[in-house]
Amino acid sequence: MSSTQRAVSSETPVQYRDFERIYKDWDEALARNDAPGLLALYAEDGTLESPLVPHLLGTEKGICKGHAELRRLFQTLAQRKPPVRRFHRTPFLTDGKNKMMWEYPRATPEGDQMDFVEVMELKNGLIQNHRVYWGWFGVGVLQRDAYHK
């Protein structure tokens with residue numbers, strides 16, 4: 001049974017339930033373009049690092065810190081997400097303490113999609129640090145400026 005198929009019970013550590021909840025809720029909110037839903041998953045001083053940050057927000061650094069910056073990113077992303085950003089992904093892996101990661105592979109049963117590895121560190125049930133590592137196909141989407149509709 002995969003990590004995402006394991007039943008959550010009262011004996012499941014609270015931290016593991018948090019991993020499963022974030023894994024599910026983050027992807028669903030992104031798929032719905034739900035900026036407030038995404039923001040609710042982050043600590044007040046949480047960070048997100050990605051090449052998409054300077055691309056969408058015109059900043060030098062690829063880091064958003066805190067709800068004000070994250071809100072701006074998520075609102076912009078909701079308006080400009082390209083159709084090739086799909087949501088086929090692998091189950092998450094965790095260190096069992098505070099870190100989880102998963103992959104959105106380029107090759108899927110439905111064809112190519114943007115390729116990423118997501119790494120999140122949780123604290124008190126919220127995302128404290130989030131890093132997104134882009135693969136060659138996703139980088140090509142940035143190079144073609146597909147986020148600017």
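The structure displayed is predicted, hence computed values, not measured ones. The first residue in the sequence is number 1, and the count goes up from there.
Taking CD1 from Ile127 and OG1 from Thr47, the interatomic distance works out to 10.0 Å, rounded to the nearest 0.5 Å. Taking OH from Tyr23 and CE from Met101, the interatomic distance works out to 12.0 Å, rounded to the nearest 0.5 Å. If you take OG on Ser50 and CG on Leu77, they are separated by 9.0 Å, rounding to the nearest 0.5 Å. Taken from CD in Glu20 to CE in Met100, the straight-line distance is 9.0 Å, to the nearest 0.5 Å. Rounded to the nearest 0.5 Å, atoms CE (Met120) and CZ (Arg131) are 10.5 Å apart. Here the straight-line distance linking atom CG of Leu122 with atom NZ of Lys99 works out to 11.0 Å at 0.5 Å rounding.
With hydrogens and angles disregarded, no donor-acceptor distance shorter than 3.5 Å links the side chain of Arg89 to the backbone of Pro105. Side-chain atoms of Asp115 come within 3.5 Å of backbone N or O of Gly138 as a donor-acceptor pair. Between the Thr90 side chain and the Trp102 main chain, no donor and acceptor come within less than 3.5 Å of each other. In this structure, Arg144 contributes its side chain and Gly140 its backbone to a donor-acceptor pair below 3.5 Å.
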**Asked** So Tyr42 and Leu126, side-chain contact (heavy atoms from CB on, under 4.5 Å) or not? Walk me through it.
**Response** CA-CA 5 Å; Tyr42 287 78; Leu126 295 171; 6.0 Å; no
**Message:** Is there a side-chain contact (heavy atoms from CB on, under 4.5 Å) between Phe74 and Leu30? Walk through the geometry before answering.
**Reply:** CA-CA 9 Å; Phe74 296 149; Leu30 183 65; over 6 Å; no
**Request:** Tell me, with the steps shown, if Arg21 and Trp26 meet side-chain contact (heavy atoms from CB on, under 4.5 Å).
**Result:** CA-CA 8 Å; Arg21 177 181 51 79; Trp26 191 89; over 6 Å; no
**Asked** Given the rule in the side-chain contact (heavy atoms from CB on, under 4.5 Å) test, do Leu73 and Leu48 qualify, once you have shown the distances and angles that lead to the verdict?
**Response** CA-CA 10 Å; Leu73 175 69; Leu48 186 149; 3.9 Å; yes
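For the residue pair Asp95 and Lys97, the shortest heavy atom distance occurs at OD1-N, 2.8 Å. Contact between Phe137 and Gln113 at its shortest, heavy atoms only, is CD2-O, 3.1 Å. Of all non-hydrogen atoms in Pro54 and Gly62, the two that sit nearest each other are CD-CA, 3.4 Å. Taking every heavy atom of both residues into account, Ile63 and Glu69 meet most closely at O-OE1, 3.9 Å. Minimum heavy-atom separation, Val53 to Cys64: CG1-SG, 3.7 Å. Of all non-hydrogen atoms in Leu142 and Trp134, the two that sit nearest each other are CG-CZ3, 3.6 Å.
Summarising the local packing, CG of Asn124 is surrounded by 12 or fewer heavy atoms from other residues, nucleotides or ligands at distances under 6.0 Å.
Side chains of Phe116 and Tyr133 form no contact here, defined as non-hydrogen atoms less than 4.5 Å apart. The side-chain heavy atoms of Val132 and Glu49, taken from C-beta on, include no pair separated by under 4.5 Å.
Remark: the Tyr104 side chain and the Asp27 side chain contain an N/O donor-acceptor pair separated by less than 3.5 Å. Using modelled atom types and a 3.5 Å distance limit, the side chains of Glu118 and His130 yield a donor-acceptor pair. Counted by atom type alone, Asp45 and Gln128 present one or more donor-acceptor pairs between their side chains at under 3.5 Å.
Between Lys24 and Glu28 there is a salt bridge, since at least one side-chain N of the basic residue sits less than 4.0 Å from a carboxylate O of the acidic one.
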